Amino acid sequence: MTDRLPGFSTLAVHAGAQPDPTTGARATPIYQTTSFVFNDADHAASLFGLQAFGNIYTRIGNPTNAVLEERVAALEGGTAALAVASGHAAQLVVLQQLMKPGDEVIAARKLYGGSINQFTHAFKAFGWNVAWADPDEIESFERAVTPHTKAIFIESIANPAGSITDIEAIAAVARKAGVPLIVDNTLASPYLIKPIDHGADIVVHSLTKFLGGHGNSLGGIIVDAGTFDWSKDNKYPMLSEPRPEYHGIRIQETFGNFAFAIACRVLGLRDLGPALSPFNAFMILTGIETLPLRMQKHCDNAKAVAEFLSTHPAVSAVNYAGLPGDRYNALQRKYSPKGAGAVFTFSLKGGYDAGVNLVSNLRLFSHLANVGDTRSLVIHPASTTHSQLDDAAKVRSGAAPEVVRLSIGIEDKEDLIADLDQALRA
Ligand SMILES: *Cc1c(COP(=O)(O)O)cnc(C)c1O
């Protein structure tokens, strides 16, 4: 090795991994075990008291998962990470460290449909209030700040329309309010956007999507930027006050710039329990090795498909930030210059029925509720992911009745265009 700082593609293959010290295995082994033997009684006690790092029980940590955590932390430019069972588990564990009943999170209105449900129903039942703001109107975030605000939550590239969020402008609102900015970076992946470079304090992912990349394993991850001061004004007592279950240590004081990742592990994951299976960690690690290659191909294909659709007579509009006339094109060139991602929407002149017909007539595209697979995917949000929302909320979140969402895979773009062409004609 040289002194050079490794580039993104090198980190995607190597970060966090070494040949297995006992067997020489070059690929990261799947440590399919629930628990780990202690060296002796003192070692056990120090692990339980957080005086030493090491493996205890796979709900709290596992060596395969640790490689995944180190790799994604390196790719995002964070200090540490915590892998969990799903993207939704990541969101839950993050907010559990920050929120008490009566506290508020300000969330961008343009979110993954599942996140809108999670915030609106499950979080509300915990007594966590959600103030919705419009990512296209930065002042709406400022107006939503109250003394109870504990965090701001946005997506870098927002579902379903692939719109690009002005992360720096919202980070400035968060800084002024003294609260962390949490960025869901699922649709961009760190290959396209590194939110920490733009002021994010915490990054979350659904690993299920582009990072894993093959549509075969659920997972989620939390990345700690190491930038936020959790002790200020005692606003985040989980991090700043003595923890009775760990001999009275204070998490921020003891763990410094990776305190948030530690809190998520030893308070969140330990007690809530959504641990990632080591098998899934292995599958996702394998996927991440090819992230840069896949992501570029996803973006290049998506741009070609968006260009094709934008001239098609059955199509009334295409929302793809990579197209020159798109309202998010300037933000895309600033935040995501390598490409605009692979998830976007377009509108059909024939409305709701045309959307339903299209998904029925496509052959190569799979009709399902996922994104970020090697395979190209299609869904009609108004009849599926966003069907629970009322009409006004559907329109506000980019899922009007005539809208179809695509997640473009890594097949040959000519085949994708031919499939769309035949289905639009049918
Ligand atoms: C899929 C997704 C989630 C939820 O992730 P799961 O792994 O399905 O729990 C959250 N945010 C975004 C942007 C997603 O696409």
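Just so you know, ligand 1 is whichever comes first in the structure, and atom 1 is the first atom listed for that ligand. For clarity, every value in this text was computed on a predicted model and none was experimentally measured.
- Judged by the 6.0 Å distance and 45° axis criteria, Lys338 is positioned over the aromatic ring of Tyr191.
- Below 4.0 Å from some heavy atom of Gln91 lie the following atoms of ligand 1, by number and element: 10 (C), 11 (N).
- Nearest protein heavy-atom contact of atom 2 (C) of ligand 1 is Lys209 NZ, 2.5 Å.
- Of the protein's non-hydrogen atoms, His88 N, 2.9 Å is the one closest to atom 9 (O) of ligand 1.
- For the residue pair Ala151 and Leu98, the shortest heavy atom distance occurs at CB-CD1, 3.9 Å.
- Expressed to the nearest 0.5 Å, how far OH of Tyr328 lies from OH of Tyr320 amounts to 15.0 Å.
- Distance check: Ser189 OG to His205 NE2 gives 7.0 Å after rounding to the nearest 0.5 Å.
- Close contacts between ligand 1 and Ser86 involve ligand atoms 7 (O), 9 (O) [criterion: under 4.0 Å to a heavy atom].
- For atom 6 (P) of ligand 1, the nearest non-hydrogen atom of the protein is Gly87 N, 3.3 Å.
- Contact atoms of ligand 1 toward Gly219: 7 (O) (distance under 4.0 Å to a heavy atom of the residue).
- Any N or O atom pair closer than 3.5 Å counts here, and Val371 shares no such pair with ligand 1.
- Cation-pi geometry between Lys194 and Phe8 is not met at under 6.0 angstrom from the ring centre and within 45 degrees of the axis.
- With values rounded to the nearest 0.5 angstrom, Ile193 atom CD1 is found 5.0 Å from Ile167 atom CD1.
- Considering only non-hydrogen atoms, atom 11 (N) of ligand 1 lies nearest to Asp184 out of Thr186, Leu218, Asp184, Leu187.
- For the side-chain contact (heavy atoms from CB on, under 4.5 Å) criterion with Pro190, the lone passing option out of Asp197, Leu11, Asn185 is Asn185.
- Close approach of ligand 1 to Glu155 (heavy-atom distance below 4.0 Å) involves ligand atoms 13 (C).
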